[in-house]
Every structure is written in structure tokens, then in C-alpha cells.
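What follows is one structure encoded as C-alpha cells, with my remarks underneath.
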Amino acid sequence: MDVFARFIINNPKKIIALFILVSVIAAFVSLYVDINYNLADYLPQKAISTKGIKIMNDEFAKAIPNVFVMVRDISVTEALSLKKQLSQAEGVTEVLWLDDVVDLMQPLDMQDTETVENFYKNRNALFSVTVRKGSEKEACAAIQEIISPEGAISGEAATIMDMQNSAVSEVRLAFAVLLPVIIIILVLSTTSWLEPILFLAAIGVSVVINMGTNIIFGEISFVTNSISPILQMAVSMDYAIFLLHSFANNRAAYDNPKTAMYHAIKASSTTIAASALTTIFGFLALIFMDFGIGWDLGICLAKGVILSYISVMIFLPALTLIVSKALDKTSHRKIMPDFKNIGRILSRFFIPVTVVIAVIILPSFLGQRQAEFKYGYTIEDPNRKIGRDTMAINEQFGRSNILAILVPRGDIARESSLSTRLAEHPRVRSVVSYAANVGVTIPVGFLGNDITSQFYSDNYSRIVLYTDLPDEGEVSFGAVEEISQITGEYYDEYYVVGQSATYYDIKKVVDVDNVRVNLIAIAAIFMIVALSFKSFSLPFILLLTIEVAIWVNLSIPYFTDTSINFIGYLVLSTVQLGATIDYAILLTDTFMGKRKTMPAKKAMAESLSIAFRSILVSATILSSAGFTLYLTSSNIIVKDIGLLLGRGTLISMFMVICFLPAMLMVFDKVIGKTTWRAEFYEEKGSTTLVKEREYPEKVSNF
């Protein structure tokens, strides 16, 4: 570390030039990182729907429809002409309409009314369009141009287009809202007008580099793209704050800025690394999810924290030395109070808060386990066009949800019997298959490939079901199970694919992921805390404090009868633990130092006075980041993560300053006996058992 610190203070200009160069390259490269908006791509390969989709992509030239297009006040002849235009649009591989399921040479009055009204009703035509994967944005834009603004589009591909259109602008909006908030917080908590700029520069550089280095993965998920820059900035801002505070303290002892920075780097490197380590392990727990977004998000966030640590320990000292004179000239008095009496004020709440926590801990634990999840991102917001279009189509034609069943080819009689049985299901509106639409009496070889290719591949037969199911929920998942059971009565090998089938598989994967990820995160952070404090009891107390905060946060949707997205639930469980456990570590670290020279009650009062300001600043920045994501994003997944993070951070802060102190004092003797070299101050009457002496305070994590 001595050589490392000397190298930095002796080469500030070279270091700054290097970081600027790498940042520029990373910013340019980040433009070429692909963003994946399809949740199905992150299902494990063993999932039934994943296998089915792969087989369908390999065997069939055309996928199942993923866009519904409604055109109002149009004749059958005009609809047929429009169908031809839609089929020629860029990215469109197939268009299904009424002429594909009935003979239009016969009057519509003579056709099955229910079948006709699935595609043509009250002079409104509903087309089922298949858009090639990766072309959603271009294809849906072309479709919208063909059908004019009065037409309506909905479905999976249309949702992806909407997310693509809003993703970049919303990330920029989030930063535009968050940066002024962070600047205000930092101005209030620092003693120089220039310091906030240095903080943002150091973390901003690491964020840009992190986004650019994502090129090594080829693509990242839309969730990672939306939240990782904001989360990285929020959770690692403390590293920069602590380094500059250490520098300011050393400036009081050393006139030379280089000497002060040398000692600041040596004093803070280990502490900042320890603080970063808990956050990194919290994020890395996500990579053990079977659902691939966990790996994607966990790796990117952990990489971001590591890059933030590197930037703070190398780039920030170099930049600070270059502008040290300006830093002195822009100094100002402290604006934020020192909170010297906050310990005495908060001590009044220790007992009431502990009683309340004792009452709600079990309901919170059970409530968060019963939270209702959403597994998709269907948009039905009347304030957005896609939401209005979806509601308009549902109002006119009812919900349209397509499922496809793949079964081995060869037994057309069995296929016909299955098609008939599936058509009898109460949630199936119509069945499209060779046996149902062409008939068992017409040999496949008599018809052209254009007709047969949508039903048959070399090895499989495809049966398409038009249902009135919502995309997800108990009703949808129950219907998917029933359809699977019916198909299983006819075939040993079969695959059910479609949006609802995908969400059903996600649900099954997530139920296992949730338990695994939480246990791994808890175990990893337990070990870090145990090794840091060399204590057996402290990890239990600190983890209980943050876990209760997480349970309370995640139980609120259950008790308010609202649902949350499963990704938000999984991410929050680890992010809130990894990011806010530092608050508990900071307070406990300060308390353990003070406890060597004074009784527990006095030690806690002084510890709160010292640590409260740092906890408040850190929690305010992180919660602001969460609420910013919630307010600026239109994506339901990102909104849920933002709300849970913003609210959860404030709950964690409350638990750390009101519940944790009570636990540390209640279990004071246990902690003293189960912590190596605790050396707690003790006194009996007027006789001191452990001589009071001066101990250097441990360096805190902030």
C-alpha cells in the first residue's frame, strides 16, 4: 500500500489522462452493447417452455403471433388488402386473419359466429401478426404507419417496442432528477462547494466504464441497463465521501496536500474495501439464480462496485491533488448539524421500537412470504398509447392470449381428437391446427407448403390455441396446467409455449431461486461480519436488524393487497441486505470502540452521535436513487425495484438507529464474551475492573 499510495500522489496527471481516455472509449463502446427485452431468454434451458421455443424455432419457419393489430370500420375486402400490406412490412413473418380459419367464399352469416368474431366484429378487424425476434421496434413502427394512428396494436412485441422507445430517455431522466438531489445532499454534508463535483466525477467515471465493459457479455437485460448505473452510483458514493473526509482530516495534520493524501489512502483503503465487500457479496448472490437475469444483474452490479472502488482509490486522489488549491478556496462552514445529542433523543425510542418490532416480526416474515408476484410486464396504463390500445382491443374482442402446443407428427386422428378436446376448454376461444381447420380426410401432400408449413414441420405438429386468458395469474397458470394435463393424455412428449406458459415456468423457477439466493447472501455477509468483528454473536444481531427491515418492506404489498414484480422482490432481498448492512456495521464498529472506555449506555449515545450523520447521508442518497427509479420509469419491473429500494433503505436506517442500539445494549454481555479481544470497559460500584484508557477509534466504513 505504501508503494501504491506513492505512485498515485506522484503521477496524478498521468492517472487522470488514463481514466479520461478509458472513459471515452467505454462511453463509445457502450453504444454497441445490445439490450435484451425478452424475459423468456433468461429461463434455464431445462424449462419446458424454453425447450419448446427452441424446437419451434428450429422446426418451424414461423413463430406464433406476438402482435395483435386492430383496424376499425373496415370491410372484409379492405381487411384482406390490409393483410397483404401488413405481411410485407419489415420484420413481419406472418399475418393470420379470418381467411385462414374459414372459407370466405361463403357468407359470414353461415360461418361459426364465435370463430368469425374472434377476427372480425362490428366492422373491426383483428389481425394476429408474427414479428421476427429482434425486429420488434422496426416492425411495430411499420405496422403503426400502415394502420394509421386510429389503429391499435398490442401484444408482446408491441410491449417490447414501447420499452425500447422509453428505455434510453428514462435512464437519462433518472440521472437528470437524481444528480441535483445528490449534489444538494453532498453540499449540505461537506465543507467545500467543489467536493460534490469530485464525488460525482469519481463515481461517474466508474459508471461509464462499467457500462462500456458490459460489451464483454455481448448483451445485457433491460433490467440491468435501467437500474445498474443508478444503483452503482448510489451504493458507492460513500467510498468517495470517506476518502475525501479522511483527506480533510489529514490536511489538519499535514500542510502538504500530497502527504495528507498519502496518509488518507493508507488509512482508508482497507476500510473502503471492507465496506465494498459486503455490497459485492450481496450482489453476487444473484448469480446463483437459475433465472438468468440474476446472473446478468449480479455480475454487472458487482463489477460496478469494484470499478467504483478502483476509481475512488486511484482517480479521485489524483483529481483531488490537481484541484487541491481550488478545494481550499471553495471551502464553507458546515451546513448540516453534527447531531451531537441525537443519541439521547433516539434512546427514548429504543424500548417502544423494540416492543413494536417484537409484535410485527412474525407477521412481517409470514406476510413477505405470501406476497403476490407479477411475472410479466404487460402494460395497461391509460396514459400511454400501448395501454390504451390494449384496452381498446380487449374491449372490442376480449382478451387474446395465444398458446401453441407442439406434439410429435404422424397421427392425425390423435391430433384431431386432441384439437376437439382442447376446443372444449372454457378458456379456449378457438383452435387452429391442420386437423381442425383442414380436416383429417385431406392428405397433407395435396396442399402446398404455404398452408402446411404453419401446421407441420419434419418432426412436429403445431396446434395454436386462442384463449381469453390474462397473461399471468392463478387463472392463467391453472389453465396452462389443465391444457398440459389434457395434452399429456394423448402424447408422452409435448411442449406448451406462449407468454403465459413462459410466465408459468418463470414462477416455478423463482420459487426455488428466492430461497437459494437469500440463504447465499445471508451466509456470505454473515461470514464477512464475523471475520470483521471476530465475533460469533454480532453477525446474528446485525443480520437480524437488516432482515427484519427487508421483511417489513416486502410484507407491505401483501398487507396492502398489491402485487409486486418477482424480479423486484428477488433483487431487493439481496440489494437491501448488501447495501444497508454497512449502516449496521458502521454503528456497531463505532460502538465497539467506544465500549472499551465507557459503559454500554454512554458508549451507544456517543456512537449514535458520531455515526448518525454518515448513516443519514448514505441512506438519503440510496433511497433517493430508489424513488427516482420509481418516479421516472414506465417499466413496471424497474418501478417496483425503485419503490422497494427507496422504502427499504429508509426502513433499514430506522432499524439501525432505533432497534440495533437496543439489541447491542441488551446483549452487551453476550457480545463481550463471544467477541475476540472485546476488552469491554466494566465497573463495579466505584471499583474499576478494567482500567479506563484511551483507545484509538476504529476507522469507520464511511
Side-chain angles (χ1 to χ4, degrees), residues 5 7-9 11-30 171-172 174-213 228-248 250-251 257-258 260-261 264-265 268-269 272 275-276 279 303-332 617-618 620-622 624-625 628 702:
F7 174 80
I8 293 172
I9 64 174
N11 299 277
K13 293 182 179 179
K14 292 179 180 179
I15 290 172
I16 293 172
L18 177 61
F19 270 80
I20 291 175
L21 176 62
V22 173
S23 299
V24 171
I25 295 173
F28 176 75
V29 171
S30 67
V171 170
R172 291 173 180 169
F175 272 108
V177 172
L178 182 61
L179 288 179
V181 173
I182 291 179
I183 289 173
I184 292 172
I185 295 170
L186 293 177
V187 165
L188 293 175
S189 60
T190 59
T191 57
S192 171
W193 301 110
L194 188 59
E195 275 189 61
I197 305 301
L198 296 181
F199 296 152
L200 293 174
I203 304 303
V205 162
S206 65
V207 168
V208 172
I209 294 174
N210 190 36
M211 294 176 69
T213 53
S228 63
I230 303 295
L231 278 184
Q232 181 187 344
M233 175 168 285
V235 302
S236 55
M237 188 64 69
D238 293 319
Y239 314 155
I241 293 174
F242 180 73
L243 180 78
L244 285 194
H245 281 189
S246 180
F247 174 67
N250 278 283
R251 283 300 302 274
K258 286 189 175 183
M261 184 58 74
I265 292 172
S268 61
S269 60
I272 297 175
S275 178
T279 307
K303 175 164 63 72
V305 173
I306 293 170
L307 289 171
S308 291
Y309 174 76
I310 293 172
S311 178
V312 165
M313 297 308 302
I314 299 177
F315 176 69
L316 181 58
L319 183 62
T320 303
L321 288 175
I322 292 295
V323 300
S324 59
K325 292 183 179 179
L327 201 62
D328 294 336
K329 292 179 180 179
T330 56
S331 62
H332 60 79
V617 171
S618 179
T620 304
I621 291 175
L622 186 56
S624 297
T628 298
F702 291 81

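Nothing fancy with the numbering, it's 1 onward along the sequence.
Atom CG of Leu179 is separated from atom CD1 of Ile183 by 6.0 Å, given to the nearest 0.5 angstrom. Remark: Ile15 CD1 to Ile314 CD1 distance equals 6.5 Å, nearest 0.5 Å. Rounding to the nearest 0.5 Å gives a distance of 10.0 Å between CG of Leu231 and OG of Ser236.
Pairing each heavy atom of Tyr239 with each of Ala276, the nearest pair is OH-CA, 3.2 Å. Minimum interatomic distance between Ala234 and Leu622 (heavy atoms only, all atoms of both residues): CB-CD1, 3.6 Å. Between Ile8 and Ala318, the closest heavy-atom pair is CG2-N, 4.2 Å. The two residues Leu198 and Leu316 have their closest heavy-atom pair at O-CD1, 3.7 Å. Residues Ser30 and Ala27 share a closest heavy-atom pair of OG-O, 2.7 Å.
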* side chain to side chain contact (heavy atoms under 4.5 Å, CB included) assessment of Leu194 paired with Lys329 -> CA-CA 9 Å; Leu194 188 59; Lys329 292 179 180 179; over 6 Å; no

* To do: Evaluate side chain to side chain contact (heavy atoms under 4.5 Å, CB included) for Met313 paired with Ser268, printing each intermediate quantity in order.
  => CA-CA 9 Å; Met313 297 308 302; Ser268 61; 4.1 Å; yes

* Mind running side chain to side chain contact (heavy atoms under 4.5 Å, CB included) on Thr213 and Leu307 for me, showing each step along the way? => CA-CA 10 Å; Thr213 53; Leu307 289 171; 4.1 Å; yes

* To do: Assess whether side chain to side chain contact (heavy atoms under 4.5 Å, CB included) is satisfied between Asp238 and Ser275, documenting all intermediate values.
  => CA-CA 9 Å; Asp238 293 319; Ser275 178; 5.7 Å; no

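For Thr628, the side-chain contact (heavy atoms from CB on, under 4.5 Å) partners two or more places apart in sequence, or in a different chain, are Ala174, Val177, Leu178, Thr632. For the ring-ring contact (aromatic ring centres under 6.0 Å, His included) test, no residue two or more places apart in sequence or in another chain qualifies with Phe199. With sequence neighbours left out, the side chain to side chain donor-acceptor pair (under 3.5 Å) criterion links Asp328 to Arg251. Remark: Phe19 pairs with Phe315 by the ring-ring contact (aromatic ring centres under 6.0 Å, His included) rule, at least two apart or across chains.
Checking Val312, Val617, Ile182 one by one against Met237, the side-chain contact (heavy atoms from CB on, under 4.5 Å) holds for a single residue, Ile182.
Of the possible donor and acceptor atoms, one in the side chain of Ser324 sits under 3.5 Å from a partner among the backbone N and O of Leu321. Checked by atom type and distance alone, the side chain of Lys303 pairs as donor or acceptor with a backbone atom of Asn210 at under 3.5 Å. Under a 3.5 Å cut-off, the side chain of Ser246 and the backbone N or O of Phe242 do not form any donor-acceptor pair.
Inter-residue side-chain proximity for Tyr309 and Thr279 is flagged as unmet; no heavy-atom pair is nearer than 4.5 Å.
Applying the side chain to side chain donor-acceptor pair (under 3.5 Å) definition to pairs two or more places apart or across chains, those involving residues 186-205 are Ser192-Thr330.
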Please output the side-chain donor-acceptor pairs of residues 200-209 that fall under 3.5 Å, not counting sequence neighbours, one pair per line with the distance.
| from | atom 1 | to | atom 2 | distance (Å) |
| --- | --- | --- | --- | --- |
| Ser206 | OG | Ile203 | O | 2.6 |
| Ser206 | OG | Gln232 | NE2 | 3.2 |
| Ser206 | OG | Ser308 | OG | 3.1 |

